[in-house]
Amino acid sequence: MCDKGSMAQYTRVSGFVGLITLQNPPVNALSAAVRQGIVDMVERALSDPIVKSVVICGQNGNFCGGADIKEFGTNMSGPPLVPMIDAIEAANKPVVAAIEGSALGGGLELALGCHYRIAHSKARLGLPEVTLGLLPAAGGTQRLPRLVGVPAALNLITTGRHVTAAQALQLGIVDQVTDHNAVDVAVTFSLSVAGQSLDARRISTYLCPLPSDFDALFEGVMQKVRQSARGAIAPVACVQAVRAAATLPYTKGMEREQELMATLFTSGQARAQQYCFFAQRAVGRWRMPSGARWETSKPRPVHKAAVIGLGTMGRGITVALAQTGLSVVAVETQEKQLMEAKQAVSGMLERGAKRHGVVPTLDRISYSQNIQAIAEVDLVIEAVFEDMALKTEVFQQLSAVCKPGTLLCTNTSALDVDKLASETPNPELVVGMHFFAPAHVMKLLEVVYGPRSSPQAVATAMQLGKKMGKVSVAVGNCRGFVGNRMLMPYLQQAFFLLEEGATPELVDQALEEFGFPMGVFRMSDLSGLDIGWRVRKRDELVEPDMASGKSARIRQGSRYSPLGDLLCEQGRFGQKTGRGWYQYDKPGSRVARSDPWLHSFLVEYRARHGLVPRSIDHQEVLERCLYALINEGFRILEDGIAAGPEDIDVIYVFGYGWPRHRGGPMFYAGMVGLAKVLERLEHYQQAHPDVPYLQPCSLLRRLVAGGSPPIHRWREVIKKHQSQL
Ligand SMILES: CC/C=C\CC(=O)SCCNC(=O)CCNC(=O)[C@H](O)C(C)(C)COP(=O)(O)OP(=O)(O)OC[C@H]1O[C@@H](n2cnc3c(N)ncnc32)[C@H](O)[C@@H]1OP(=O)(O)O
């Protein structure tokens with residue numbers, strides 16, 4: 001017997017089992033139609049006198065990816081989840097969840113409403129709502145602590161992390177794990193428990209086990225969450241909801257859960273985080289200005305890759321490649337450096353494998369001092385020192401050594417990929433792969449195409465990025481690409497603020513309260529002030545004589561702050577030298593402390609240049625640093641360097657610490673209001689006419705003139721705007 005019309009299919013199997021299969025590919029999200037289907041099919045199974053037990057599973061080996069996130073911004077219709085799950089739990093026939101693939105969010109909450117849960121060994125479970133700015137409001141915050149205890153529930157709900165089936169079994173979330181077909185196992189199992197009392201199987205009736213250090217536990221978790229969430233409201237609400245589970249009867253706890261969810265559901269933070277979810281997936285559907293796109297560009301197979309240059313970046317890239325299962329040839333010409341790198345790479349692989357309980361992939365890597373060793377690889381990632389002449393030489397060697405068709409990638413954060421490509425006989429095979437340090441940890445990868453890069457080369461780099469677990473964004477070639485190009489006006493404004501009266505502490509505090517993990521000056525101290533100094537020297541911005549006088553603050557016709565250069569001249573390179581914008585106990589130490597020397601230095605500097613310090617508040621810091629950065633984002637869109645605002649936002653959230661609950665710079669601009677951003681830029685530009693970065697971009701003006709359309713409609717405006725430029 002079978003009903004195929006609905007988005008939950010009903011079949012009677014093994015004579016007496018009602019099998020309900022969710023059917024909403026690709027992840028069987030609980031859309032209104034699916035929920036209606038479940039309600040109808042559960043009712044049908046329970047009212048059929050022949051049916052002794054019920055199994056719920058998902059189509060195509062995937063249980064359920066949770067509520068349909070696309071519905072959140074709409075007028076939601078259809079049966080709500082809570083009464084649907086309560087009805088399943090109240091059923092008088094055993095209901096078993098057969099979990100294959102994922103049981104996430106509402107999907108896991110549905111399973112928690114069932115009387116038993118059987119998972120396939122490869123299944124993954126979790127309550128990731130917090131990452132969407134929400135909490136598990138289909139009873140998840142009330143049932144999970146009752147089932148697994150408060151500490152484990154707090155951990156899972158506030159982090160949103162997924163667990164494996166084995167971990168879920170250990171925690172007590174599932175009753176059984178199988179390597180066989182989970183649906184078949186669940187069907188057999190459901191018959192074996194048919195007729196037995198279900199009193200002890202309804203989680204909502206359990207007493208929540210209370211930890212002895214109850215208050216200390218909640219206080220500790222709340223403190224941790226507030227520190228790491230930096231202004232995000234969902235993790236805090238998650239803690240409050242679990243506390244309700246531990247202190248209130250189930251129905252009262254559910255009321256609290258719903259109340260907290262109501263606040264989150266309509267919040268700007270939830271909208272921002274859900275935007276991030278879809279933006280992260282949208283960047284995979286890349287396209288180039290030539291019209292080449294992800295669907296029509298087939299990647300080349302890559303079985304063997306090489307990394308050239310085993311400094312910090314090369315080592316991280318080698319680890320990331322080996323962890324995908326590729327054979328890697330790691331080349332470093334200096335013997336000492338090669339030996340050190342081998343040791344470091346092995347260590348990173350061993351630690352990573354230990355964390356994941358797997359065998360390290362050391363034997364996938366062969367090390368060599370000889371570039372001839374890469375003759376047979378399918379793809380090379382060059383990661384030598386950031387110097388054009390050196391990279392050009394390496395690329396010429398690569399072209400001579402590699403078999404025809406080998407893809408040549410350069411790991412660079414700023415150099416001209418097109419210029420490098422032009423030095424090779426096959427520029428179509430060249431792309432940039434801008435990794436972020438540490439390369440085996442950071443999620444972001446900018447894949448940089450030049451005008452001559454072939455779509456196939458881009459497709460291959462994008463696919464390789466995905467295999468490495470990266471969020472890869474395809475961007476055009478320009479100075480700094482997307483991320484670092486937008487950082488320039490941000491840094492510049494921070495320097496100017498110091499000249500005008502701010503301190504590094506004030507600027508950093510404003511940015512950290514906004515949600516960045518580190519303010520701009522603490523971040524500069526961490527990455528090293530000498531890096532920017534080297535670039536500015538190369539750009540001939542650093543004057544040999546920093547004598548007093550106004551001319552020292554004008555370079556190439558625009559306002560310039562030599563503050564960073566002056567610090568570097570004093571050997572203050574940041575954490576590594578124990579002094580930078582802050583002071584540190586010793587070189588390499590990470591705890592930044594205010595430095596009276598720096599404050600006196602700023603006072604003297606301002607006096608020398610006739611600058612009268614004024615009081616600067618957090619709002620001005622945020623507006624000047626962030627709006628200047630956003631303005632550059634609009635220029636990037638105007639220039640076609642990024643295909644859409646999602647690309648920029650994903651780069652900033654995954655690579656630059658932009659707080660996810662604020663969606664990314666371009667989304668944030670939309671939230672603030674494009675007209676307001678424009679008005680403030682105009683205001684600051686009038687006050688600082690010698691700062692070109694504050695000159696509002698014409699695309700921003702056009703968007704405002706067009707009534708500030710929502711972000712998903714910007715691409716239409718951009719296209720029109722570009723065609724008229
Ligand atoms: C009352 C409120 C109660 C409950 C609240 C919730 O349940 S909120 C939702 C909680 N669930 C999640 O956060 C899970 C989100 N999904 C994922 O993490 C992954 O998609 C998943 C399930 C692990 C599968 O990963 P995979 O890499 O295989 O696929 P991908 O992520 O690319 O997704 C494929 C397409 O499915 C879309 N999608 C995924 N989940 C949902 C969802 N819950 N709702 C709507 N759409 C979803 C995703 O956007 C992809 O679409 P595409 O158009 O192909 O880009």
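For ligands, and for the atoms within them, numbers begin at 1 and follow the listed sequence. Given the structure is predicted, the values throughout are model-derived calculations rather than measurements.
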Problem set entry | Backbone N/O of Ser102 and side chain of Arg124: donor-acceptor pair under 3.5 Å | no
Got a sec: does the CD of Gln722 have more than 12 other heavy atoms crowding it under 6.0 Å? yes
task: Could you verify whether a donor N or O on one side chain and an acceptor N or O on the other, from Glu71 and Thr74, lie under 3.5 Å apart?
output: no
**Request:** Please state whether the rings of Trp714 and Phe634 are parallel, tilted or perpendicular, taking 30° and 60° as the class boundaries.
**Result:** tilted
Is the backbone N or O of Lys122 less than 3.5 Å from a side-chain atom of His120, with the two atoms forming a donor-acceptor pair by type? yes
Worksheet item: Between Arg143 and Glu89, does at least one N-O distance fall below 4.0 Å, as a salt bridge requires?
Response: yes
Does ligand 1 have any N/O atom under 3.5 Å from a protein N/O, and what are those pairs and their distances?
| from | atom 1 | to | atom 2 | distance (Å) |
| --- | --- | --- | --- | --- |
| ligand 1 | 7 (O) | Ala67 | N | 2.8 |
| ligand 1 | 7 (O) | Gly106 | N | 2.7 |
| ligand 1 | 11 (N) | Gly65 | O | 2.9 |
| ligand 1 | 31 (O) | Arg281 | NE | 2.7 |
| ligand 1 | 31 (O) | Arg281 | NH2 | 3.1 |
| ligand 1 | 43 (N) | Gly65 | O | 3.2 |
| ligand 1 | 43 (N) | Ala67 | O | 2.8 |
| ligand 1 | 44 (N) | Ala67 | O | 3.4 |
| ligand 1 | 44 (N) | Ile69 | N | 2.9 |
| ligand 1 | 55 (O) | Arg285 | NH1 | 2.9 |

